[in-house]
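These notes are about the structure you will find just below.
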Amino acid sequence: MGTRSSILERLFLFLILLLRLPLFQARTLPSDTQALKAFKASVIPSSIPPSSCLASWNFAVDPCSLPRRTSFVCGLTCSPDSTRVTQITLDPAGYSGSLSPLISQLTQLTTLDLSDNSFSGQIPPSLSSLTTLQSLSLRSNSFSGSIPPSIINLKSLESLDLSHNSFSGSLPSAMASLAGLRRMDVSFNKLTGPLPKLLPPNLIELAMKGNSLSGSLNKFTFEKLNQLEVVELSENALAGKIEAWFFQLPSLQQVDLANNSFTGLETSRPVGGNSDLVAVNLGFNKIQGYAPANFAAYPVLSFLSLRYNSLRGRIPLEYSQSKSMRRLFLDGNFLIGKPPAGFFTGNGGAVLSGSLGDNCLQSCPANSQLCTPAQKPISVCKKVYRGRP
Ligand SMILES: *[C@@H]1O[C@H](CO)[C@@H](O)[C@H](O)[C@H]1NC(C)=O
């Protein structure tokens with residue numbers, strides 16, 4: 001009896017083992033495992049801290065097999081059937097090294113996020129075969145070289161963040177074929193040349209701050225961007241005139257074109273009185289002419305900066321009548337006359353902050369915070385206005 005039950009017991013245990021066995025078998029597609037190995041091998045070992053995600057990538061174990069208690073504890077996500085790698089989201093552990101071209105074998109990858117590390121070298125052109133990739137973030141690394149034109153083959157891409165690297169050269173001209181792209185941030189690189197002729201048509205956010213982009217804002221480039229809400233192009237070398245169509249892009253909310261070399265500004269009232277435009281920053285350019293009264297007709301505009309340009313003439317009375325304006329910066333121009341009294345009497349209940357200082361204004365009440373810093377010396381103003389006023 002005793003032997004029989006122990007035989008049964010053993011058989012039972014054996015069956016259980018047999019059933020559980022597949023959990024311990026390599027199930028990740030071999031080419032995915034190979035890609036992960038190459039990925040880790042391209043990271044400089046001394047830059048992998050002991051308790052980091054990459055330190056737990058131990059290839060004695062299958063990468064996607066569950067449970068992942070001690071190996072592959074973080075940094076990657078696999079498909080529910082544990083056969084394919086779907087996401088690589090590294091921790092900001094200070095990894096350095098390059099991005100292996102074999103990454104292209106992860107053909108089910110939807111997210112690649114290496115942000116806030118010290119990766120360097122170029123983006124391997126093979127990356128473009130990741131046609132399922134929806135989100136690519138290489139933000140805050142030391143990548144260099146040009147953005148490969150083949151990036152336009154990433155047909156599923158919705159979010160692209162290459163900001164805070166050392167990418168150079170001009171932007172790929174055929175970017176518009178990234179039809180699914182909603183967010184694009186290439187800020188703080190060394191990009192040169194003009195904006196692409198066409199931009200991805202479904203963009204919601206476009207950020208290219210802190211590069212050396214030149215040329216002017218071309219209507220053709222922005223024409224189809226009906227969903228564009230945020231445009232951040234400050235700290236570049238953009239020039240020419242900012243035309244009225246720009247502020248009339250139908251979904252526009254926030255515009256930052258500060259610290260460029262724009263010389264002209266043309267505005268019109270919003271179409272049908274409707275606009276979602278909330279913030280416009282045109283400070284630190286070379287804009288000449290009058291401060292445009294039309295901005296006061298934008299119904300929800302609450303922040304306007306035209307500071308440090310070359311504006312002349314009077315401050316439009318309309319600015320003091322706007323119900324939405326909260327912060328107004330007109331300092332550092334050559335504005336003349338008396339500032340509208342409405343600025344100093346509560347502005348219909350609104351509290352306006354900002355500055356009208358460093359202009360050629362007469363009787364800006366010194367006790368108002370709006371009137372600091374002090375106005376320009378009369379001699380400077382006289383020179384600019386050729387003796388008048
Ligand atoms: C813009 O330029 C001004 C003057 O050179 C500088 O003081 C300011 O910090 C710059 N702003 C940014 C955001 O770079």
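We count ligands from 1, going down the list as the structure has it; atoms in each ligand are counted the same way. Because the structure is a prediction, the values reported are computed rather than measured.
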Does atom 5 (O) of ligand 1 have a protein non-hydrogen atom under 4.0 Å from it?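 Flag for atom 5 (O) of ligand 1 set to false, no protein heavy atom closer than 4.0 Å.
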Do you see a protein non-hydrogen atom under 4.0 Å from atom 9 (O) of ligand 1?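 So atom 9 (O) of ligand 1 lacks protein heavy-atom neighbours under 4.0 Å.
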Identity and separation of the nearest protein heavy atom to atom 1 (C) of ligand 1: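 Nearest protein contact, heavy atoms only, for atom 1 (C) of ligand 1 is N259 ND2, 1.4 Å.
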Can you tell me which residue and heavy atom of the protein come closest to atom 13 (C) of ligand 1, and the distance to 0.1 Å?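 Here the nearest protein heavy atom works out to E235 OE2, 3.4 Å.
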Would you mind checking if D358 and K376 are paired as a salt bridge, meaning a charged N to carboxylate O distance below 4.0 Å?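 Yes, charged N to carboxylate O under 4.0 Å.
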Would you call K209-E235 a salt bridge at under 4.0 Å N-O?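 Salt bridge absent between K209 and E235.
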Sub-4.5 Å side-chain heavy-atom contact between T192 and N211: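 In short, these two side chains do not touch, never coming nearer than 4.5 Å.
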How about R68: does its CZ atom have over 12 heavy atoms from other parts shown lying under 6.0 Å from it?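 Yes, CZ of R68 has more than 12 neighbouring heavy atoms, counting only those of other groups under 6.0 Å.
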Around F59, counting heavy atoms of other residues, nucleotides and ligands shown, do more than 12 lie under 6.0 Å from its CZ?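 Yes, because the 6.0 Å sphere around CZ of F59 holds more than 12 heavy atoms from other groups.
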Show me which atoms of ligand 1 lie under 4.0 Å from any heavy atom of F284.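 Near F284, the atoms of ligand 1 are 1 (C), 2 (O), 3 (C), 4 (C).
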